[in-house]
Engineer: 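Right, I'll just put the structure down here and ask away after.
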Amino acid sequence: MHNVDWSVLRYEGGLLYIAKTENGLCYVGSPGQSDQDLFAWIQKRFPKAKLAENPEALKPYIQELQEYFNGARQTFSFPADVSGTPFQQEIWAALKQIPYGTTCSYSDIADLIKRPTAVRAVGTAIGANPVLITVPCHRVIGKNGAITGYRGGTEMKQYLLQLEAKNRENDFPD
C-alpha cells in the first residue's frame, strides 16, 4: 500500500494540487481542478493508497515549484514517481531534454526517439504526463509554432512559455 501526501501550491495564476508518494512527486494538477479531481486521479493510480493532506511533506516540492514560478529555478532536484508504458517513459525522458526557455515540436520529439512516424503517439504520451511543469511537456508546440493542447490548458501553457522566455532572457543577455 502506498501513502500519498497532497497539498496545494499557490502561484500567480491560481492554485495547483500536487501529490507525492514515498518515492517522489507523482502528480501536479491543472488550473481549475478541485481536490476531488486529485482524489479521483489518486484512486485510479493508487487504488489502495492512504491519502493525507500533508503540507509539511510537500514543502520541498512546493518550494522548488514556487522558485520556478518566481524565475529563480530552471530545473528540479526532487525525485518523481511516475509510471507509464515503456513508450510513455521514453517520451517523458525526452521531454526532460528540452532546455528551459526553448520549445520543440511533436515531430521533433518523434525524431529524437528515432520514431519519426509516431507523432500522434508522442502527443498521446505527452498528454498522459502526470507531473506538469517538472516534466516540461509545455515546451512542446505545433510544428507551425502554434500553442497546442495541454492538460493544464493552453492558457497555462502560454503562461509557462512566457515565464521561461522572460527568465531565459534575464539569464542569457544578448
Side-chain angles (χ1 to χ4, degrees), residues 1-98 100 103 106 109 121-141 147-161 163-164:
M1 178 185 337
H2 285 281
N3 290 324
V4 179
D5 297 313
W6 69 274
S7 189
V8 176
L9 163 69
R10 287 174 175 72
Y11 73 106
E12 179 183 73
L15 60 89
L16 299 172
Y17 287 89
I18 64 171
K20 71 164 216 56
T21 67
E22 55 275 0
N23 297 320
L25 187 71
C26 66
Y27 182 80
V28 175
S30 301
Q33 286 187 318
S34 70
D35 57 355
Q36 295 304 308
D37 296 314
L38 167 68
F39 302 157
W41 186 88
I42 296 296
Q43 179 63 35
K44 184 178 176 184
R45 170 86 160 62
F46 302 107
K48 297 179 181 179
K50 179 182 171 193
L51 185 61
E53 183 175 10
N54 189 345
E56 191 61 32
L58 275 292
K59 196 174 188 175
Y61 302 89
I62 289 171
Q63 179 179 344
E64 287 195 22
L65 283 160
Q66 285 176 330
E67 289 170 356
Y68 168 85
F69 284 117
N70 292 332
R73 176 174 291 278
Q74 296 183 357
T75 60
F76 300 96
S77 66
F78 50 72
D81 182 7
V82 293
S83 63
T85 66
F87 183 76
Q88 288 171 328
Q89 293 286 344
E90 185 177 19
I91 298 305
W92 300 337
L95 296 176
K96 289 182 178 182
Q97 296 177 39
I98 306 169
Y100 180 93
T103 60
Y106 294 89
I109 297 295
V122 165
T124 300
I126 289 172
N129 172 19
V131 285
L132 299 182
I133 305 163
T134 62
V135 173
C137 53
H138 60 276
R139 296 180 188 153
V140 182
I141 61 174
I147 303 298
T148 55
Y150 182 61
R151 181 170 62 86
T154 55
E155 187 175 299
M156 182 181 193
K157 185 173 190 170
Q158 183 68 44
Y159 170 81
L160 296 173
L161 292 173
L163 173 79
E164 290 187 8

Engineer: Would you mind reporting whether Thr21 and Phe46 have side-chain heavy atoms less than 4.5 Å apart?
Structural biologist: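 With C-beta onward as the side chain, the pair touches.
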
Engineer: For the backbone of Ile98 and the side chain of Arg139, can you confirm whether one donor and one acceptor N or O come within less than 3.5 Å of each other?
Structural biologist: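 Indeed, once roles are kept as given, a pair shorter than 3.5 Å links the two residues.
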
Engineer: If every non-hydrogen atom of Lys157 is compared with every non-hydrogen atom of Ile147, which pair is closest and at what distance?
Structural biologist: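 It is CD-CG2, 3.8 Å.
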
Engineer: Once you measure the plane-to-plane angle for His138 and Tyr68, does it fall in the parallel (<30°), tilted (30-60°) or perpendicular (>60°) bin?
Structural biologist: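 Judged by the thresholds at 30° and 60°, the geometry between His138 and Tyr68 is perpendicular.
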
Engineer: Taking all non-hydrogen atoms of both residues into account, name the closest pair between Gly24 and Asp81 and its distance.
Structural biologist: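 Heavy atoms only, the tightest pair is O-CB, 3.7 Å.
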
Engineer: Is the Tyr61 ring parallel, tilted or perpendicular to the Phe78 ring (thresholds 30°, 60°)?
Structural biologist: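 The rings of Tyr61 and Phe78 sit tilted, inter-plane angle from 30° to 60°.
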
Engineer: Could you point out which residue of Gln89, Arg45, Gln88 forms a side chain to side chain donor-acceptor pair (under 3.5 Å) with Ser83?
Structural biologist: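 Of Gln89, Arg45, Gln88, side chain to side chain donor-acceptor pair (under 3.5 Å) with Ser83 is met by Arg45 alone.
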
Engineer: Heavy atoms only: give me the nearest Ser30-Leu132 pair and the separation to one decimal.
Structural biologist: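 Ser30 and Leu132 have their closest heavy atoms at OG-CD1, 3.8 Å.
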
Engineer: What closest approach, in Å, do Pro31 and Gly152 show between heavy atoms, and which atom pair accounts for it?
Structural biologist: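 The answer is CD-O, 3.4 Å.
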
Engineer: For Glu53, which residues count as a salt bridge (Lys or Arg N to Asp or Glu O under 4.0 Å) partner, sequence neighbours excluded?
Structural biologist: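 For Glu53 there are no salt bridge (Lys or Arg N to Asp or Glu O under 4.0 Å) partners, ignoring immediate neighbours.
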
Engineer: With a 4.5 Å heavy-atom cut-off, do Tyr11 and Gln66 have their side chains touching?
Structural biologist: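 No, every pair of side-chain atoms sits at 4.5 Å or beyond.
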
Engineer: Are the side chains of Tyr159 and Glu12 in touch, meaning some heavy atoms are under 4.5 Å apart?
Structural biologist: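 They are in contact (side-chain heavy atoms under 4.5 Å apart), so the answer is yes.
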
Engineer: Are Leu95 and Ile126 packed together at the side-chain level, in the sense that at least one heavy-atom pair is separated by less than 4.5 angstrom?
Structural biologist: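 When only atoms from C-beta onward are counted, Ile126 and Leu95 do touch, with a gap below 4.5 Å.
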
Engineer: Look at the side chain of Gln158 and the backbone N and O of Glu155, then say whether any donor-acceptor pair between them is shorter than 3.5 Å.
Structural biologist: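 Between the backbone of Glu155 and the side chain of Gln158 there is no qualifying donor-acceptor contact (under 3.5 Å).
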
Engineer: Do side-chain atoms of Gln33 reach the backbone of Leu16 as a donor and acceptor pair under 3.5 angstrom?
Structural biologist: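 Not confirmed, Gln33 side chain does not pair with Leu16 backbone.
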
Engineer: Once rounded to the nearest 0.5 Å, what's the spacing between atom NZ of Lys96 and atom SG of Cys137?
Structural biologist: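 Answer for the NZ-SG pair, Lys96 versus Cys137, is 12.0 Å.
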
Engineer: Is the shortest heavy-atom distance from the side chain of Pro130 to the side chain of Trp92 under 4.5 Å?
Structural biologist: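 In contact.
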
Engineer: Show the nearest heavy-atom pair for residues Val4 and Ile42, with the distance to one decimal.
Structural biologist: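 So the two residues come closest at CG1-CD1, 3.6 Å.
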
Engineer: Could you check whether the rings of Phe39 and Trp6 sit parallel, tilted or perpendicular, using 30° and 60° as the cut-offs?
Structural biologist: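 Perpendicular, since the angle between the ring planes exceeds 60°.
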
Engineer: Using side-chain heavy atoms (C-beta onward) and a distance below 4.5 Å, is Phe76 in contact with Leu25?
Structural biologist: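 They are not in side-chain contact.
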
Engineer: Starting at OG1 of Thr124, measure out to OH of Tyr106 and round the result to the nearest 0.5 Å.
Structural biologist: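 The OH atom of Tyr106 is 10.0 Å from OG1 of Thr124, to the nearest 0.5 Å.
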
Engineer: Just wondering, do Leu161 and Ile141 contact through their side chains at under 4.5 Å, heavy atoms?
Structural biologist: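 A side-chain contact exists here, since the closest heavy-atom pair is under 4.5 Å.
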
Engineer: Counting distance only, does the side-chain N/O of Asn129 pair as donor-acceptor with the main-chain N or O of Val131 below 3.5 Å?
Structural biologist: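 Yes, the answer is positive, given that a donor and an acceptor are paired below the 3.5 Å cut-off.
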
Engineer: Taking the side chain as C-beta and beyond, is there a heavy-atom pair between Ile109 and Val140 under 4.5 Å?
Structural biologist: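 When only atoms from C-beta onward are counted, Val140 and Ile109 do touch, with a gap below 4.5 Å.
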
Engineer: Measure the CD1-CD distance between Ile133 and Glu164 for me, rounded to the nearest 0.5 Å.
Structural biologist: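 It comes to 9.5 Å.
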
